[in-house]
Amino acid sequence: MGAADAVPGVSGGTIAFITGIYEELIYTIRQFGPGAFGAWRRGGAAGLAAHLNLTFLLPLLLGIAVSLVSVAHLAVWLLEDHPLLLNGFFFGLVLASALVVSRHPTDWRWWHILPLMGGLLLAHGLPALMPLVTALGSREVMLLVAGAIAISAMILPGVSGSFLLLTMGLYGTVMDGIRGFDLGLIGLFGMGCAVGLFAFSRLLSWLLDRYHTGTLQLLVGFIIGSLPVLWPWRELVRYQLGPDGQMVPLDYRYLTPGEYAQLTGDAPQLMAVVALMLAGAAIVLLLDRTGRRSAATRDNDAYSANSQRADSQGTSSRETNSKETSSKETNKEEGSDA
């Protein structure tokens with residue numbers, strides 16, 4: 001998730017979706033609030049840890065942190081020096097994840113097409129709205145708002161927080177601040193992230209509770225809508241300059257490998273890109289297969305445990321009945337002797 005969040009066009013939420021931890025992640029984030037204080041008062045440190053699901057969250061956060069300061073550097077270098085290869089890999093990864101997630105659940109209805117289309121339209125339209133953040137003027141306010149928007153996008157499959165930062169003109173500023181440990185910038189951006197995470201996780205959790213299948217279809221729409229941003233062969237046709245003079249992409253023209261070679265004079269690296277697309281897709285399909293197998297194993301184990309418990313209770317009940325019958329017979333015999 002950390003490596004994906006560092007790459008414009010890829011969402012850490014998509015990785016969470018692919019690996020099957022998305023809903024647990026959203027519900028865990030929701031636990032951070034006033035209820036945590038009550039859990040601490042009732043159960044102490046152990047109660048607080050259970051309430052916040054720290055056995056799940058701490059390893060996840062550690063992995064993201066390690067990735068942001070290690071793998072993310074590799075991802076950013078690849079984005080700058082080998083963008084075709086990196087985009088090809090993530091295109092295959094996201095395309096396969098859209099296919100995996102879009103499998104119709106048992107309660108799917110025709111009207112679930114509407115949230116699917118809504119996700120597609122929002123994924124397409126959001127980047128065009130992001131340059132409005134630069135109109136806020138104050139750098140501090142911009143960082144706070146950017147943090148809230150970016151973290152919300154990072155936990156939303158298919159919407160890249162880094163890409164939205166790029167369209168705001170703040171991607172380079174934030175990444176340089178993280179690399180250089182600029183505590184002032186990190187503090188402001190982190191405060192915005194905390195506010196966005198607190199509010200948006202509760203909204204998503206409520207939607208998943210009330211409209212589970214419709215919300216999943218909305219998220220599938222976001223994932224599919226993000227695919228054009230990851231298409232390797234494209235031409236920037238519209239942009240504007242950000243507050244620091246950097247180029248903010250607004251619109252692309254999507255090309256075939258042959259058109260890309262003619263336009264740029266660079267090799268399209270077709271074989272390598274296709275190989276990485278297939279590698280990304282294979283990783284997703286393998287993770288999905290492993291996850292479904294693990295879920296089936298857990299269900300079987302739970303069924304076996306319940307069956308053994310039922311058998312044990314049945315045996316115990318039969319033994320009790322047998323003892324009661326024996327006791328009654330004994331009492332009758334004693335009464336007859338008397």
Side-chain angles (χ1 to χ4, degrees), residues 1-7 10-73 75 97 101 144 147-157 159-162 174 177-178 181 183 186-210 212 215-216 219 283 287-288 290-299 301-302 305:
M1 285 180 65
D5 282 332
V7 178
V10 188
S11 169
T14 302
I15 306 301
F17 226 122
I18 291 168
T19 51
I21 65 169
Y22 185 76
E23 292 188 45
E24 184 175 3
L25 173 64
I26 297 301
Y27 290 130
T28 299
I29 294 171
R30 185 186 62 177
Q31 296 299 92
F32 284 79
F37 182 71
W40 177 71
R41 289 189 62 182
R42 291 189 300 270
L48 180 63
H51 178 80
L52 298 179
N53 197 13
L54 294 185
T55 55
F56 164 81
L57 191 61
L58 289 179
L60 181 69
L61 291 177
L62 179 61
I64 291 174
V66 170
S67 180
L68 281 174
V69 297
S70 58
V71 181
H73 285 276
S97 69
V101 177
L144 286 169
I149 293 174
I151 197 65
S152 300
M154 285 175 181
I155 63 172
L156 194 62
V159 181
S160 167
S162 294
V174 172
I178 292 174
F181 292 99
L183 296 182
I186 292 172
L188 285 169
F189 189 75
M191 287 173 60
C193 289
V195 172
L197 203 60
F198 183 86
F200 196 66
S201 64
R202 279 158 176 74
L203 173 61
L204 266 181
S205 178
W206 181 82
L207 288 172
L208 286 167
D209 282 337
R210 300 293 184 89
H212 187 266
T215 303
L216 289 181
L219 299 179
I283 288 173
L287 285 171
D288 177 60
T290 303
R292 285 189 285 118
R293 186 178 297 169
S294 299
T297 301
R298 287 195 300 270
D299 291 342
D301 290 344

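Fair warning: this is a prediction, and the values are worked out from it, not measured in the lab.
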Set of residues satisfying side chain to side chain contact (heavy atoms under 4.5 Å, CB included) with respect to [X], sequence neighbours excluded:
X      : answer
Phe56  : Ile21, Glu24, Leu25, Thr28, Asn53, Leu60
Leu61  : Leu57
Ile151 : Met154, Cys193, Leu197
Ser205 : Ile26, Tyr27, Arg30, Asp209

side-chain hydrogen bond (donor to acceptor under 3.5 Å, both in side chains) contacts touching residues 43-52 (sequence neighbours left out): Gln31-His51
Can you list every pair that meets salt bridge (charged side-chain N to carboxylate O under 4.0 Å, His left out) and has a residue in residues 48-69, with sequence neighbours left out? none
First locate atom OG of Ser152, then atom CG of Leu204, and finally report the distance between them rounded to the nearest 0.5 Å. 8.5 Å
How long is the straight-line distance from CD of Glu23 back to CG of Leu219, given to the nearest 0.5 Å? 9.0 Å
Looking only at heavy atoms, which two atoms of [X] and [Y] are closest? And how far apart?
X      : Y      : value
Leu52  : Ala36  : CD2-CB, 4.0 Å
Phe189 : Gly147 : CE1-CA, 3.5 Å
Phe32  : Phe198 : O-CE1, 3.3 Å

Using atom types as modelled, flag every donor-acceptor pair under 3.5 Å from a side chain in residues 38-48 to any protein atom, sequence neighbours excluded.
| from | atom 1 | to | atom 2 | distance (Å) |
| --- | --- | --- | --- | --- |
| Arg42 | NH1 | Gly38 | O | 3.4 |

Partners passing ring-ring contact (aromatic ring centres under 6.0 Å, His included) against Tyr22 (at least two apart in sequence or in another chain): Phe17
